[in-house]
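Let me begin by presenting the structure, written as structure tokens, before commenting on it.
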There are 2 protein chains.
Amino acid sequence: MARRADHSRDDLTEIALATATRIIETEGLQSLTTRKVAAEIGYSPGTIYNLFEDFDALISRVNIRTMQKFNASLGKVQLTGDAISDAKEILQVYLDFISMNPSLWASNITHGSREDIQQPAEFLQELDKAFQKVEAAIAPLFDADSKREAWISARVLWASLQGIVSMPANARIISEKSMTTKEMAENLVDKYLRGI
Amino acid sequence: MARRADHSRDDLTEIALATATRIIETEGLQSLTTRKVAAEIGYSPGTIYNLFEDFDALISRVNIRTMQKFNASLGKVQLTGDAISDAKEILQVYLDFISMNPSLWASNITHGSREDIQQPAEFLQELDKAFQKVEAAIAPLFDADSKREAWISARVLWASLQGIVSMPANARIISEKSMTTKEMAENLVDKYLRGI
DNA sequence: CTTATTATTGACCACTGTTCAGTAAATCCA
DNA sequence: TGGATTTACTGAACAGTGGTCAATAATAAG
């Protein structure tokens with residue numbers, strides 16, 4: 001068999017992405033393979049490479065969508081001008097999103113933190129959108145002349161939260177005194193913002 | 001050829017670990033394979049599985065050693081009782097260690113944060129040692145009745161730092177305004193402790 | 001001196017990401 | 001209409017992965 005054309009190129013890309021997303025959600029990033037995606041959409045492995053540059057590009061495309069979905073959630077947060085309560089509401093949205101999409105978020109962190117691959121511009125742009133929201137929320141804590149400070153703080157907060165949600169739940173370190181991710185995250189945001 | 005016994009079992013384990021460490025240091029965790037280690041020490045792949053439970057166990061053993069080396073560095077820090085300056089000295093040791101052992105530390109984070117594998121008890125113990133040092137350093141900031149608070153704060157700080165050093169340097173987000181890992185880490189520790 | 005144990009091999013398994021010559025369908029052009 | 005060209009797709013192949021295990025030979029035990 002050759003050329004079938006029962007789907008347009010864009011349709012097929014869409015179907016492949018949806019399938020990859022489903023596999024990550026249900027079985028984890030580790031279980032995602034080109035062959036699995038190909039088999040599930042009823043095409044050969046080679047076709048995947050006709051749609052995506054390589055395996056990493058496929059993962060990145062899923063991650064971009066995850067960041068887009070997250071930014072959509074963030075968009076619903078209306079800033080009031082009270083930095084502390086605004087930041088805490090953003091944190092709630094963040095934690096809710098992760099608890100609703102644990103595997104997709106893990107994929108985001110795992111793949112998005114790899115230094116040996118170039119992250120696509122689109123992914124970095126979505127990341128930047130999230131940064132800007134945090135920046136806007138905490139802006140009232142800074143003078144007009146310390147814009148750079150606000151810029152840094154938003155990134156420090158983001159990276160720190162990433163570290164906290166990456167801490168494996170099964171590690172005795174956490175379970176011993178039954179400290180939840182939520183408790184840690186709230187502690188961080190509270191203390192860090194208070195320190196500014 | 002069979003049974004050679006030109007090395008004792010412990011010797012061979014030692015040689016394999018040293019080789020694995022060298023590969024991670026020079027080529028990164030991604031380049032570490034059983035076959036590569038085997039070839040380099042002049043044995044067959046099967047021998048690696050005679051020395052280690054599996055591939056993950058080999059990595060974990062390297063990570064345990066890395067944590068031991070780090071704890072040795074931490075041991076040199078003499079606490080003065082001034083929480084802020086003690087914490088900052090620990091941070092310097094932490095940053096120095098990472099800059100001296102970037103790949104080994106990356107391996108530690110990558111493999112030590114995986115939720116799909118059981119981290120060996122020895123690794124968690126070494127991690128706990130590090131926590132205790134941080135806990136001891138910041139203890140003066142807490143009343144006697146809020147030991148749990150100190151316990152949490154040490155872990156929050158640790159996880160947050162991990163997030164910061166995991167942020168990929170190549171991401172435009174960091175380089176744009178030339179913010180270094182060191183600057184971010186110091187910002188975190190400063191603001192977080194000030195907030196307590 | 002035989003027996004049991006142990007260390008080591010190397011072939012093998014099922015899998016991975018990736019490439020590419022070949023093929024057939026769709027499209028274009030005369 | 002019909003032949004040439006472009007395009008989508010396959011499936012076999014490649015070099016590699018982690019992992020297993022019967023076979024073997026050297027050592028240790030009785």
Side-chain angles (χ1 to χ4, degrees), chain A residues 1-17 19-21 23-24 26-63 107 110-111 114-120, chain B residues 1-17 19-21 23-24 26-63 107 110-111 114-120:
Chain A
M1 190 197 322
R3 175 147 193 167
R4 290 155 40 177
D6 33 1
H7 295 295
S8 77
R9 189 173 215 278
D10 286 355
D11 276 358
L12 205 47
T13 304
E14 180 57 44
I15 294 170
L17 279 176
T19 301
T21 302
I23 292 173
I24 294 176
T26 58
E27 305 170 44
L29 178 59
Q30 303 267 342
S31 298
L32 184 72
T33 68
T34 46
R35 283 173 170 78
K36 199 176 271 184
V37 174
E40 205 153 313
I41 68 176
Y43 282 76
S44 74
T47 295
I48 301 296
Y49 288 86
N50 189 244
L51 300 172
F52 304 94
E53 171 109 36
D54 57 19
F55 187 54
D56 285 328
L58 167 59
I59 298 173
S60 286
R61 288 287 293 274
V62 175
N63 286 346
S107 160
T110 304
H111 198 257
R114 282 186 51 184
E115 303 217 19
D116 57 344
I117 54 183
Q118 169 65 25
Q119 302 297 330
Chain B
M1 190 197 323
R3 173 141 197 170
R4 290 154 40 178
D6 33 359
H7 295 296
S8 76
R9 189 173 216 279
D10 286 355
D11 277 357
L12 205 48
T13 304
E14 180 56 44
I15 295 170
L17 278 177
T19 302
T21 302
I23 292 173
I24 294 176
T26 58
E27 305 169 46
L29 178 59
Q30 304 266 342
S31 298
L32 184 72
T33 67
T34 46
R35 282 170 172 76
K36 198 176 271 184
V37 173
E40 205 152 311
I41 68 177
Y43 282 76
S44 75
T47 295
I48 302 297
Y49 289 88
N50 188 244
L51 300 172
F52 304 94
E53 170 109 32
D54 57 18
F55 188 53
D56 285 327
L58 167 59
I59 299 172
S60 286
R61 288 286 294 273
V62 174
N63 285 347
S107 159
T110 303
H111 199 258
R114 280 186 54 184
E115 303 216 20
D116 56 344
I117 54 182
Q118 170 64 26
Q119 303 296 331

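Just so we're on the same page: letters track the sequence lines, and every chain starts at 1.
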Within residues 28-39 of chain A: residues closer than 4.0 Å to DNA chain C (heavy atoms):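 A:L32, A:T33, A:T34, A:R35, in order of number.
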
Taking [atom1] from [X] and [atom2] from [N], how many angstroms apart are they, rounded to a whole number?
X     : N      : atom1 : atom2 : result
A:I41 : D:dA8  : CD1   : C1'   : 13 Å
A:N50 : C:dT19 : CG    : P     : 13 Å
A:R9  : D:dA8  : CZ    : P     : 6 Å
B:Y49 : C:dT9  : OH    : P     : 15 Å
B:H7  : C:dT9  : NE2   : P     : 11 Å
A:I48 : C:dT19 : CD1   : C1'   : 15 Å
A:Y43 : C:dT18 : OH    : P     : 21 Å
A:F52 : C:dT19 : CZ    : C1'   : 18 Å

Sequence-distant partners of A:T21, side chain to side chain contact (heavy atoms under 4.5 Å, CB included), two or more places apart: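 By the side chain to side chain contact (heavy atoms under 4.5 Å, CB included) rule, A:T21 matches A:E25, A:V62, A:L104.
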
Residue list, side chain to side chain contact (heavy atoms under 4.5 Å, CB included) with A:D11, at least two apart or on another chain: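 So A:D11 forms a side chain to side chain contact (heavy atoms under 4.5 Å, CB included) with A:H7, A:S8.
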
Sugar-phosphate only, base, or nothing, as touched by B:F55 at under 4.0 Å among non-hydrogen atoms: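 Sugar-phosphate contact only.
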
Of all pairs that satisfy side-chain hydrogen bond (donor to acceptor under 3.5 Å, both in side chains), the ones with a partner from residues 32-41 of chain A, not counting sequence neighbours: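 Qualifying pairs, neighbours excluded: A:R22-A:E40, A:E27-A:K36.
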
Qualifying side-chain hydrogen bond (donor to acceptor under 3.5 Å, both in side chains) pairs with a residue from residues 50-61 of chain B, counting only residues at least two apart or across chains: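 For residues 50-61 of chain B, and leaving out neighbouring residues, the side-chain hydrogen bond (donor to acceptor under 3.5 Å, both in side chains) pairs sorted by first residue read B:D56-B:H111.
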
Contacts of A:E14 that satisfy side chain to side chain donor-acceptor pair (under 3.5 Å) - sequence neighbours left out: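 Partners of A:E14 by the side chain to side chain donor-acceptor pair (under 3.5 Å) criterion, ordered by chain and then number, come out as A:R65.
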
5' priority, DNA chain C, between B:L51 and A:P45 [closest heavy atom]: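 So the residue in question is B:L51.
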
B:I41 side chain reached by B:I48 side chain, heavy atoms, under 4.5 Å: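 Yes, at least one pair of side-chain atoms sits under 4.5 Å.
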
Atom of A:A20, atom of A:L58 and distance for their closest heavy-atom approach: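 Closest pair (atom of A:A20, atom of A:L58, distance): CB-CD1, 4.0 Å.
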
Minimum-distance nucleotide (side-chain atoms of A:T47 versus C:dT8, D:dT10, D:dG19):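 Side chain of A:T47 sits closest to D:dT10.
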
